[in-house]
Amino acid sequence: MDWQQLISSKRWGKAGTQRSTSERRTEFQRDYDRLIFSSAFRRMQNKTQVFPLPGSVFVHNRLTHSLEVSSVGRSLGTDVADVLKKRYPDYPDELWSEFGAVVSAACLAHDMGNPPFGHSGERAIRSFFSEGRGAEMKDTLDFTPGEWHDITRFDGNANTFRLLTHHFNGRRRGGFVMTYSTLASIVKYPFSSSLAKKAKFGFFESERDTFERIARELGIPCLEDKDREGVRYARHPLVYLVEAADDICYEIMDIEDAHKLRILSNEATTRLFLDFFAPEEQERLMTAYEDCTDTDDRIVYLRSCVINALERACVRIFTDHEAEILGGTFQGSLIDHLPEPLKSAYSRCTKIAAEQIYNCKGVTDIDLAGYHIIYTLLGLMTEAVLSPQKAYSELLMRQVSPQYELTAERPAERIFAVLDYLSGMTDVYALDLYRKINGHSLPGV
């Protein structure tokens, strides 16, 4: 792959790349602005990241997480570009100045396709079709094998790509009309659901041709094509930076949130963060905040130092392995290649998160409730679109915006329209609809 081809301002769904000569923003800055002003982005403020949405303590939701990932991603892209600029003196300076903006925009969008209630919502959708009431649809509806893999392995990553590129009713062709480079940088798993070992893949069958066209335009090589049943591409190199920004933020910020909620003690959190540094650096850090009496401020200071150390390490790993990344042969993520003591410290955070954070009662309560809400709504909505002549089906479908193709000719497409509708909900909207459907609340009461 070649950097001059990989960074393209061509937009999906729009011919040409010309814009007004009075426009000061670059095309990739425009990507960022389109995302941050979109209703789909705003809705993420009411979607669970890990912990229940805030009461008296404000922890991260999908929106604040995405903003932080975007900030770290911009730093990663800018710092990598500074190194590569010296490595390729014959390439135009404008090429390198775009790196930070592309990565920042891709980071901003990376979670936009996730359904309500975090990973619990994804699991509810998958299990509904793989082992629940929807399983019989495999034999009764017109799903292709690839489409059936899509819904039984439903993944928010693939849904993000669909959200940004799909032509919904009433929306201009090309979705958000994003640049090819930003769209490719979002796809962490550039392969079909039929090739996914777990529920992680990059695009649905409905958007497969879209991704393949983008890949061809950017010179991203196809690594595997099983007679059109499944296809696998190399990653766009900037995906590694988007992934690293996400890995850094969710792991480190989940630890900070757990401290705020008193799931982790001051001593335990301090130790987890200090372990990222060599002994002499630990002593320097402890001296730097020894006069600070506010424990929360100390944790924030250490957290910022950890993120900075991880960001600098990922820049070195990326630039050291640039040839492998461009060749599509680099294995794993940048985080997988961290040096010591960063690697061991990151692993300890991962272990603590799995044991003490993700299994704490507040998180599992949301998982249980969210799973049931999505599962229930999915059952009612799929029945409605498959039997629209029923009186209750008609009432239920009136709740849905006309942009969703609930009356599509193919029954399988109606099911995907239901998934579009459900995955676009916020946690609060899904809960409110669930209560209304079950007669637990009435408008204005």
Side-chain angles (χ1 to χ4, degrees), residues 44-76 107-108 110-111 114 118-119 242-277 281-282 284-286 288-314 333-335 338 341-367 427:
M44 289 200 293
Q45 70 183 304
N46 228 316
K47 286 191 176 185
T48 302
Q49 175 66 15
V50 172
F51 298 102
L53 293 175
S56 58
V57 178
F58 280 81
V59 293
H60 289 83
N61 54 40
R62 289 282 178 184
L63 185 140
T64 53
H65 167 71
S66 298
L67 288 169
E68 289 171 349
V69 174
S70 182
S71 177
V72 174
R74 183 180 62 247
S75 296
L76 285 165
C107 288
L108 203 67
H110 82 282
D111 268 352
N114 284 334
H119 295 303
V242 174
E243 180 182 48
D246 188 27
D247 289 345
I248 291 169
C249 286
Y250 82 74
E251 198 65 76
I252 303 307
M253 300 311 299
D254 285 352
I255 296 293
E256 183 182 3
D257 279 349
H259 172 261
K260 287 180 180 178
L261 294 170
R262 300 301 180 246
I263 296 171
L264 296 178
S265 68
N266 296 333
E267 295 75 15
T269 307
T270 299
R271 187 71 264 158
L272 283 172
F273 285 165
L274 284 175
D275 282 348
F276 280 87
F277 305 96
E281 182 66 8
Q282 290 184 23
R284 187 192 68 79
L285 291 172
M286 293 175 68
Y289 68 70
E290 63 183 359
D291 294 332
C292 179
T293 58
D294 190 301
T295 304
D296 288 342
D297 282 351
R298 292 182 183 181
I299 297 300
V300 167
Y301 171 73
L302 287 176
R303 180 262 297 158
S304 67
C305 293
V306 170
I307 289 178
N308 184 50
L310 289 171
E311 188 271 342
R312 286 186 282 110
C314 287
S333 67
L334 300 181
I335 292 293
L338 286 173
L342 295 175
K343 185 173 185 177
S344 295
Y346 189 92
S347 296
R348 278 190 287 276
C349 287
T350 301
K351 185 173 184 292
I352 291 295
E355 293 175 352
Q356 299 184 39
I357 298 177
Y358 305 145
N359 286 317
C360 73
K361 189 176 185 301
V363 174
T364 55
D365 284 350
I366 287 293
D367 283 347
D427 293 14

Only pairs under 3.5 Å count here: list side-chain donor-acceptor contacts from residues 304-311, not counting sequence neighbours, and write none if there are none.
unit_1 : atom_1 : unit_2 : atom_2 : d
S304   : OG     : Y301   : O      : 2.6
E311   : OE2    : L76    : N      : 3.4

Determine the minimum heavy-atom distance between D111 and R62, stating which atoms define it. OD2-NH1, 2.8 Å

With sequence neighbours left out, write down each residue that passes salt bridge (charged side-chain N to carboxylate O under 4.0 Å, His left out) with E355, or none if nothing qualifies. K351

Please report the interatomic distance CE(M44) to CG(L67), rounded to the nearest 0.5 Å. 7.5 Å

Does anything in residues 63-75 pair up under salt bridge (charged side-chain N to carboxylate O under 4.0 Å, His left out), and if so which pairs, sequence neighbours excluded? none

Would you check, one step at a time, whether the test side chain to side chain contact (heavy atoms under 4.5 Å, CB included) holds for I255 with I357? CA-CA 8 Å; I255 296 293; I357 298 177; 3.9 Å; yes

Under 3.5 Å side-chain donor-acceptor pair for H65 and D246: yes

Would you confirm whether Q45, through its side chain, and L63, through its main-chain N or O, come within 3.5 Å as a donor-acceptor pair? no

Can you name the residues that form a salt bridge (charged side-chain N to carboxylate O under 4.0 Å, His left out) with R303, not counting sequence neighbours? E256

Residues at least two apart in sequence or cross-chain that pass salt bridge (charged side-chain N to carboxylate O under 4.0 Å, His left out) with R284, listed by chain then number, are E281

Under 3.5 Å, is there a donor-acceptor pair between the T64 and N61 side chains? yes

All salt bridge (charged side-chain N to carboxylate O under 4.0 Å, His left out) counterparts of D275, not counting sequence neighbours: R271, R348

Non-hydrogen atoms of A244 and C314 that approach each other most closely: CB-SG, 4.0 Å

